[in-house]
Chemist: 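Got a structure for you, written out below as structure tokens; questions coming shortly.
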Amino acid sequence: MRTKIVAGNWKMNLDVRASQTLAQEISMFVEKMETPHTRVIIAPTYTNLYPVYHHTKLDHRIEVAAQNMHQAKNGAFTGEISAEMLLSIGIKTVILGHSERRQYFNETDEALAAKMLTILNNNMEAIFCFGEVLEDRKSGNHFKVVESQLKNGLFHLSANDWKSIVLAYEPVWAIGTGETASPEQAQEMHAFIRTVISAQYGAEVADSVSILYGGSVKASNAAEIFSQPDVDGGLIGGAALVAEDFAKIIQGTL
Ligand code: 13P
């Protein structure tokens with residue numbers, strides 16, 4: 001059975017106190033939940049990783065992830081963070097390739113392919129994001145775009161490497177817009193993603209990778225989206241900043 005995952009991407013929100021408060025509130029909800037098989041991940045911004053992870057009383061089931069990481073070991077890369085730095089504070093999971101990184105910070109498929117190697121060399125895990133923009137969807141190019149993002153970012157890896165990958169399909173037109181992909185659209189794309197992976201790596205890899213959906217997931221629509229057979233949970237933006245909403249979304253994986 002594939003692992004269900006609900007991950008909150010806090011993006012560039014909340015100062016240190018507010019991050020700790022939110023983490024603790026989420027933790028209190030999770031403590032009471034009976035979702036023993038769902039992984040719960042929160043991804044605060046860099047400055048808040050350490051205080052949230054080490055100085056906040058969190059339920060043991062809550063994992064803390066970073067929102068990005070540089071591929072190089074160290075060096076003259078002003079403003080960047082390395083794998084070693086994250087590992088030194090116990091962070092092993094990193095969101096990579098978010099559309100906002102691709103769009104505003106020119107993160108390319110090539111850079112992501114290199115970041116993936118750094119993840120694997122350091123025994124870390126990536127939540128690898130990808131998804132088409134509205135024009136691609138309108139012109140019917142969305143499958144092609146998604147396939148090329150997958151191939152360029154991930155297909156240099158071995159079948160075994162896929163144990164360290166979680167995929168997050170996030171159609172850019174649904175991020176922060178309130179417009180969610182319908183459960184059918186999400187399912188259609190997730191099934192397609194498995195077909196593409198299966199053609200390269202075989203059915204076992206394709207069937208075992210968790211694929212999250214992201215883009216305007218809310219407490220009110222999560223359960224329906226997550227009930228699709230190829231949707232294994234969600235990567236949540238706005239609604240992850242409200243503990244009660246995030247908790248309801250986690251419940252949606254039941
Ligand atoms: P929203 O849930 O705010 O649409 O953001 C989704 C997202 O980008 C998660 O990474």
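Each ligand, and each atom within it, is numbered from 1 in the order the structure gives. This is a predicted model, so every value here is computed, not measured. As a basis for the values below, the full set of heavy atoms in this structure was taken, side chains included, without hydrogen atoms, waters or symmetry mates.
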Chemist: If you count every heavy atom of other residues, nucleotides or ligands that lies below 6.0 Å from Glu31 atom CD, does the total exceed 12?
Modeler: yes
Chemist: Distances only, to 0.1 Å: what are the N or O pairs between ligand 1 and the protein that fall under 3.5 Å?
Modeler:
unit_1	atom_1	unit_2	atom_2	d
ligand 1	2 (O)	Gly237	N	2.9
ligand 1	3 (O)	Gly238	N	2.8
ligand 1	4 (O)	Gly176	N	2.6
ligand 1	4 (O)	Ser216	N	2.8
ligand 1	5 (O)	Lys11	NZ	3.3
ligand 1	8 (O)	Lys11	NZ	2.8
ligand 1	8 (O)	His98	NE2	2.8
ligand 1	10 (O)	Asn9	ND2	3.1
ligand 1	10 (O)	His98	NE2	2.9
ligand 1	10 (O)	Glu170	OE1	3.2
ligand 1	10 (O)	Glu170	OE2	3.0

Chemist: Check the orientation of Trp162 and Tyr201. Use parallel for under 30°, tilted for 30 to 60°, and perpendicular for over 60°.
Modeler: tilted
Chemist: For the residue pair Lys32 and Phe29, would you count it as a cation-pi contact if the rule is NZ or CZ under 6.0 angstrom from the ring centre and within 45 degrees of the ring axis?
Modeler: yes
Chemist: I need the single residue from Phe105, Tyr46, Phe77 that forms a ring-ring contact (aromatic ring centres under 6.0 Å, His included) with His70. Which is it?
Modeler: Phe77
Chemist: Using 30° and 60° as the class boundaries, would you call the ring planes of Tyr169 and His190 parallel, tilted or perpendicular?
Modeler: perpendicular
Chemist: Can you check whether Met189 reaches Val231 side chain to side chain, under 4.5 Å on heavy atoms?
Modeler: no
